[in-house]
Amino acid sequence: MSTTTPRLAPVATPRRAGPLRITLPRREHEVGQEPAGAEKRRPDLRVVPRRRRRRAGVVALVVCVVVFGVMLGLVAFQAKIAADQQRLDRVDQETSNAQTEYERLRVIVAQLESPQAVISAAKDKGMDVPDSVTYITPSANDVVGVALAEGRATSETTPDPGDDSTSAWEAVKPYVGATP
Amino acid sequence: MALLLAVALLLVVVVARVGMLQTVDQHRLAAEGESQRLSNVTLTAPRGTIFDRNGFELAISVPQSTVWADPRAVGDKGATAAALANALRLSPSDAATLQDRLSSDKEFVYVARQVDDAAAKAIADLKLAGIYQYNEPKRFYPAGNLSHGLLGGTDTDGKGTAGLEEKFDSTLSGQPGELIRERDQQGRSIPSGRRQLVPAQPGNDLVLTIDKTLQYTTEQLLAQQVGALTAAGGTAVIMDTATGDILAMASVDRDPATGNVSVSAANKAAVDAFEPGSVAKIVPSSAVLDLGESTPNEYWHLTGTHKSDVYEIEDVEQHGNIDLTTSEIIAVSSNIGAVMMANRIGPPALEQYLHAYGFGVPSGLDLPHETAGILTPQSQWSVSQRDTIAYGQGVAVTALQLTAAMNAIANHGTYVAPRLVDATIDQHGDKHEEPASGTRQVIKPETANEMTPILEGVWCAGTARHAPRIDGYSVAGKTGTGYIAQNAGYKVVGTDGKLTTDGYKDANGVNHYNATFAGYLPAENPRLTISVSIFDPLPSGPHFGGNTAAPVFSSIAHEALQQLQIPPSSNGGSCPAAPGG
């Protein structure tokens, strides 16, 4: 019969950096059950220091937050891309519509500028296409005379009395204006 | 345990399958997925615009809605067809055809192409299953029928089929582009998906030498005269003397059934050749002067008739033996005088000058269906043809050729090839001028200077003296009244006393004519050359060049001179003194 005294309390060991080793008390029924010659050892348990436990928790939390944040960011970024793509498609469509509208307005303007449209509009306003047109063509001397009277020409522009050539017309044309 | 084994086995199968999909089948599956997402759209190249010389649009393409259907997705075929037929205002037969199309097993059928905006909106508002729309360019001609025959047209696919649209189809068409993108089921682009764009290259624009307002005025004046004379049709061409630019080229037809005159769908001024009659006398008369074989004041002794093979040639105003100068022969348009001039220079020289003036030679414009006219080699001329060609029978020319020929005299003896395209505008908006027309000397400048007073004599005192005057402007030109060949087989008695066929008389023995006046003004400093031809006026009414075509020339010239601000003649438009002798 063993005379080992059951240990009821852990043996206090000096505090140190390494893990504490605690040997659990052995129960009476366990006494004498060890095989002969076996070293009497208790499972090694160690208590994680409270501070380290806290640090790991913080790290885990931070990692989770970061991962969640990154994933959220990615989702948000993807949503932004999708929204921008939709906006781009919309702008593309608006551009295409505007271009189409521009082309259609070009046709309308061209149709309004056509001789038939102008004549039709003139008739609607009570004007008539004359049966015949009489053109009055003043001579160069007549033109210069009028310009002199209005002070729009000087005497130097007066062509020679015997010279009624085209060059005289060109000299007085600026005083007649853009159209004769 | 069995359950565990079963689950494990299932897991192995799933993992193996995933592995297969990710390895062996990856390319096939990726391709299948891509094909479902990828959209490949052909971007239609906008067709180039055709402008007149002042930048007004004559032809322009605009996107219009084309309605199509996927019959597999159409629900009630009958109801859908009825709704579409109502929106498109289809006839019952067309509606039935549409329903047949919607009942087919195809993936794509056209419902209606290039519909107007109102119809497109009405169809879109119906929200019919299986009915879709996309934009397709449609060709518009904002000025209506203006220069219809010259511009031509395009088919539904935008390909040129006639006129300038056909000739310049490759220039106007451009290059289609392509847009490849990944899209979802609703057609929206997938963000960060594949996107590849090859932009469409728009077609080049054409800037013509045509003046829209002059073209319209010319067409209206020509149509008015053709209607008044109950003629078959007519042409008129306005050419810038110095550059050869065609400012207007008008062709009109009269519908014999209704009497309505409208702008011709064909460019008759370039595609219809006719025997010009006396206007061709400018060739032997200028040739005989140019070769030094005569002078304007030389007297020619004319007999009352001239025997040519089995025919007798007479002048319109019949006479006995008379003496006329070269100038007077042209002024009164003596056929016999012209024959004598042609005989003096001989057929080879006459042929040479005819070709030099552009008769029987392509104009260089190379318009679709344009004809070079008919001028057989002089070695093949018959006895009578050697004479008749001198006064414009036995040779066929177009109005365009006639205008260019007269223009050679106006331009101091230099032939200027007609020009229709002034410039092109590329896709960057850069304008590229077309080269100037080619030229060749036909007669010496001195000869042209001799011809001008002769041709002024036609206007002042000759066969065109009754045409309305153009106050302030001197005019030089020539009338022509050519017979129109008939296939009636009408028999006449020849000079040999035997019956022979007169190919110019109809079944009733009546002649038909093409009446022409071609001239230029101001005569002393020509700026414009204009030709007018009236085809087949009523033989019982006015039918000579002087009383049918010359008045239209006068009206057209009036408008052109004012619009182009061409100053009056230095001599106020007075006629030259009558030739001495």
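A, B, ... follow the sequence lines: proteins, then strands. Residue 1 opens every chain. As the structure is a prediction and not an experimental result, all values here were calculated from the model.
Of the possible donor and acceptor atoms, none in the side chain of A:Arg106 sits under 3.5 Å from a partner among the backbone N and O of B:Ser61.
Of the inter-residue distances, the one linking A:Glu103 atom CD with B:Asn135 atom CG reads 11.5 Å to the nearest 0.5 angstrom. Here CD of A:Gln116 is found 7.0 Å from CD of B:Gln220. Values are rounded to the nearest 0.5 Å. A distance of 9.5 Å separates CD of A:Gln111 from CD1 of B:Ile60, quoted to the nearest 0.5 Å.
Using a 4.5 Å cut-off between heavy atoms, B:Arg195 contacts chain A through its side chain alone, with no backbone atom that close. Only the side chain of A:Ile119 comes within less than 4.5 Å of a heavy atom of chain B; its backbone N, CA, C and O stay farther away. With a 4.5 angstrom heavy-atom cutoff, A:Asp84 does not touch chain B via any of its atoms. Both the backbone and the side chain of B:Gln64 come within contact range of chain A, each with at least one heavy atom under 4.5 Å from a heavy atom of that chain. Using a 4.5 Å cut-off between heavy atoms, A:Gln85 touches chain B through its side chain atoms alone. Using a 4.5 Å cut-off between heavy atoms, B:Gln215 does not touch chain A at all. Interface remark: A:Gln86 contributes side-chain atoms only to the contact with chain B (heavy atom separation under 4.5 Å). In this structure, the portion of B:Asn145 lying under 4.5 Å from any heavy atom of chain A is its backbone and not its side chain.
Heavy-atom contacts from other residues, nucleotides or ligands closer than 6.0 Å to CD of B:Gln224 number 12 or fewer. A:Met71 CE: 12 or fewer foreign heavy atoms inside a 6.0 Å radius.
Between A:Asp89 and B:Arg181 there is a side-chain heavy-atom pair separated by less than 4.5 Å.
In this structure, B:Ala143 and A:Ser114 approach most closely via the heavy-atom pair CA-CB, 3.7 Å. Here the closest heavy-atom approach between residue A:Val107 and residue B:Pro142 is recorded as O-CB, 4.2 Å.
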